[in-house]
Amino acid sequence: MFTRLGGRLTMLYATLFGAALLAVAALVHVTVSASAERVARNELGASAAVFRRVWSMQAGQLNEAAEALAREPAFRTALARGDVPALELALDHRRGRLQLGQAFIVTVEGEVIGPHEFSPAEGQRLRDGLKPSLTAEGVLMLAGLPHLGVSTPILVPELAGWIVFAAPLHNDRLTAFEALAAIALEATVLVRDADGSWRAADPALDARDLAEISARLLQQRNRTGSARLALRGRDALAQLSPLEAFDGGDGAALLLRTDRDMAYAPAPLLAGIALIGALAAAGLALASWLLARAITRPIAALEAAARALAQGKRVKVSARHKGEIGSLARCFNAMSDAVAMRETRITHIALHDTDTDLPNRRALERAINAFTGPGAIIALSVEQYDQIRGAIGYQLTARLIRELGARIRALAPHHRMGRLTSDTIGLAVPGLKSNEALAFALELREAASGALRVGGVAIDIALSAGVAPVTRHRDHAALNHALIAVEQARGAHRTAALFDAEAYGDPAKNLSLMSEMIEGINHGALSLHYQPKLDLRTRRIAGAEGLVRWRHPTRGPIAPDVFVTMAERTGHIHSLTEWSLIQAIADQRIMRTAGL
């Protein structure tokens, strides 16, 4: 019947000690009730202290983030120019990264830059909070909901306005705080309106509850301790802690409450209070279960941690227990650390080149995946790479590429860099159009070229640059296009080139064209045209130049520079050359017979 260890231990202790504890069940109930209430009151006080600490930490983080934004030169320039879209973009970026409810700017003239529209009362509280000093911090009502608001001045160099960050103090934020408490409690932020009445962001508290809270706590909010209240028809313990409002007043408070029925004795004990024996049995069963849980909880924690570790999460368990369980917990933590180290190493190997320890192509693909808009890939390829490698060897060549990567990283520290091929370094550049990226590539190529010292020898390197646009999310083909752009630049004898899709053509179509060319050779679709060569000294025709022509049955005439060039790239030039020689010999015999 009892398959789990906790159940078996509970049954054993209940059977052995149940009879002995029946006589003292009533006393135990009274003691447990008093102790539970005392613990609940202490937990309310401790939870209030934790909330103040969390409040202070979050306010500090928001202040640091706001100050960092206010110091950014680009942000201050945008404010000075009145560039509202740039300011809203910067604010929206911070709001998303910090998980804020609102982020906006209030200028010294009172203009608000941001998505939020204030009611007259909200606007007045905001102005009251910003006027007295350069900074403000406290509860700020936005859209009828409480927020932790902080502000920092924008000096350019005179005061131009304030950055205001507001983190919500309702829903998920308070739920996360409630989870930190050792008992089941509910937290609500109360705010005083302009008419002196209090309201709560929690819709579960009606007007009757607010009246009870006001009568028992809000009139005595400077006192410490807690009080019993009747909220929502249930007996509760509640404690109020004052919070500073954004305007510097005392118009906000934190209400912590817990259900007394949940904080006190379990339901079976309360239901069987009339029967001392039943009460003692229930109390003993509860105590046995708690004891069993204290024994089995570390094992359950290890089981949960093992499952999390199997899912790829990095977890640790408490190793404060003594004996075998503590030793097992320490061994598990050591295993978790070893697994994390190996995963870190594997990830590093997967995203870095083994010869140079530079980021590799996969790292550049991740960089493309992170693009939020259009951008470009710049490929910088070392000229005469094979000759350099033949002269200094593989080891020094790898060091040369590593030094080149370090130089490019120093020239473009804000862009992701990686080794595309053995002789090519790629750079992921978000936010630039094709022409802008090409200009940047020319500057980067000029700055990165020059002498590099490896192995005590200075090696002068020259670079060619290719640029390919990234036009859509996860456009990994841009990496290959950048490499092709390098070859196009070399073919045109230029230092840099933008990928020319029209000149590159369709590789799949060109490959099918080669199979059709072989078929055309076999079926007589190709022909040789002859251009006479005049000897100016003798005024006689001394020879003729053979020109291959191909009329496709569906595409019509195919230009020689298309199919001859593709034949050279794919190796089909041998078949075309053999046919040309055979056909030329046959045509020569015919022309000789004709007297030519």
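Hydrogens, waters and symmetry mates are skipped; everything else that's a heavy atom, side chains included, is used.
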Legend entry - Glu403 and its side-chain contact (heavy atoms from CB on, under 4.5 Å) partner, picked from Thr356, Ile461, Val454, Ile459: Val454

Legend entry - Under 3.5 Å donor-acceptor, Asn360 side chain and Ala350 backbone: yes

Inset, instruction - Say whether, by atom type as modelled, one donor and one acceptor occur between the side chain of Glu137 and the main chain of Ala59 under 3.5 angstrom. - result: no

Inset, instruction - Output, in order, the C-alpha distance, side-chain angles, deciding distance and verdict of side chain to side chain contact (heavy atoms under 4.5 Å, CB included) for Val429 and Glu436. - result: CA-CA 10 Å; Val429 184; Glu436 297 171 338; over 6 Å; no

Legend entry - Distance (rounded to the nearest 0.5 Å) between Arg95 CZ and Leu91 CG: 9.5 Å

Inset, instruction - For Val467 and Ala376, work out which heavy atoms get closest and say how close. - result: CG1-CB, 4.2 Å

Inset, instruction - Give the minimum heavy-atom separation between Asp386 and Arg389, together with the two atoms involved. - result: OD1-NH2, 3.3 Å

Legend entry - Distance, nearest 0.5 Å, that separates CD1 of Ile349 from OG1 of Thr344: 11.0 Å

Legend entry - Main-chain N/O of Arg97 paired to Arg94 side chain as donor or acceptor, under 3.5 Å: no

Legend entry - Within-4.5 Å side-chain heavy-atom neighbours: Asn480 and Phe499: no

Inset, instruction - Measure the shortest side-chain to side-chain distance between Ile105 and Phe75 over non-hydrogen atoms and say whether it is less than 4.5 angstrom. - result: yes

Inset, instruction - Search all heavy atoms of Ala448 against all heavy atoms of Ile408 and return the closest pair with its distance. - result: CB-CG1, 4.2 Å

Legend entry - Non-hydrogen side-chain atoms of Val457 and Leu396 separated by less than 4.5 Å: no

Inset, instruction - Evaluate whether atom CD of Glu568 has more than 12 neighbouring non-hydrogen atoms of other residues, nucleotides or ligands under 6.0 angstrom away. - result: yes

Inset, instruction - Check Ser434 against Leu498 and note the closest heavy-atom contact, atom names and distance. - result: CB-CD2, 3.7 Å

Legend entry - Greater than 12 external heavy atoms within 6.0 Å of Glu446's CD: no

Inset, instruction - Take atom CD of Glu158 as the centre, draw a 6.0 Å sphere, and report whether it contains more than 12 heavy atoms from other residues, nucleotides or ligands. - result: no

Inset, instruction - State the OH-CG distance between Tyr385 and Leu400, to the nearest 0.5 angstrom. - result: 8.0 Å

Legend entry - Interatomic spacing from CG in Asn63 to CD1 in Ile163 - rounded to 0.5 Å: 11.0 Å

Legend entry - Over all atoms of both residues, closest heavy-atom pair of Gly571 and His574: O-CD2, 3.3 Å

Inset, instruction - Would you confirm whether Arg474, through its side chain, and Ile368, through its main-chain N or O, come within 3.5 Å as a donor-acceptor pair? - result: no

Inset, instruction - Answer whether the closest heavy-atom distance between the side chains of Ser381 and Arg490 falls below 4.5 Å. - result: yes

Inset, instruction - Check the pair Val382, Ile425 against side chain to side chain contact (heavy atoms under 4.5 Å, CB included), reporting the backbone distance first and the verdict last. - result: CA-CA 9 Å; Val382 178; Ile425 300 294; over 6 Å; no

Legend entry - Check: Asp355 and Thr397 side chains under 4.5 Å, non-hydrogen atoms: no

Legend entry - Atom NE2 of His529: over 12 foreign heavy atoms under 6.0 Å: yes

Legend entry - Pairwise side-chain contact, Glu383 with Ser449, heavy-atom cut-off 4.5 Å (strictly under): no

Inset, instruction - Inspect the surroundings of CD in Glu578 and state if more than 12 heavy atoms from other residues, nucleotides or ligands are less than 6.0 Å away. - result: no

Legend entry - Residues in ring pair (Phe, Tyr, Trp, His ring centres under 6.0 Å) contact with Phe563, at least two apart in sequence or another chain: Trp550

Legend entry - Worked check of side chain to side chain contact (heavy atoms under 4.5 Å, CB included) between His481 and Ile377: CA-CA 9 Å; His481 293 167; Ile377 296 296; over 6 Å; no

Legend entry - Residue that, paired with Asp357, satisfies side chain to side chain donor-acceptor pair (under 3.5 Å) out of Arg419, His348, Arg402: His348

Legend entry - Min side-chain heavy-atom separation Met517-Met566 under 4.5 Å: no

Inset, instruction - Output yes when a side-chain donor or acceptor of Arg549 lies under 3.5 Å from a complementary backbone atom of Ser527, and no otherwise. - result: no

Inset, instruction - Report yes if some heavy atom in the side chain of Leu452 is under 4.5 Å from a heavy atom in the side chain of Arg399; otherwise report no. - result: no

Inset, instruction - Verify side chain to side chain contact (heavy atoms under 4.5 Å, CB included) between Trp579 and Val548, making sure each step is shown before the conclusion. - result: CA-CA 10 Å; Trp579 174 85; Val548 64; 3.8 Å; yes

Legend entry - Interatomic distance, Leu513 atom CG to Ile518 atom CD1 [nearest 0.5 angstrom]: 10.5 Å

Inset, instruction - Assign the ring pair His415 / Phe440 to parallel, tilted or perpendicular, where the plane angle (0 to 90°) is split at 30° and 60°. - result: perpendicular

Legend entry - Closest contact, heavy atoms only, Ile154 versus Ala70: CG1-CB, 4.4 Å

Inset, instruction - With rounding to the nearest 0.5 Å, note down the distance linking NE2 in His476 to CG in Leu364. - result: 10.0 Å

Inset, instruction - Would you confirm whether Asp92, through its side chain, and Glu88, through its main-chain N or O, come within 3.5 Å as a donor-acceptor pair? - result: no

Inset, instruction - List the steps, then state whether side chain to side chain donor-acceptor pair (under 3.5 Å) holds for Gln102 with His147. - result: CA-CA 9 Å; Gln102 295 291 341; His147 291 71; 6.0 Å; no

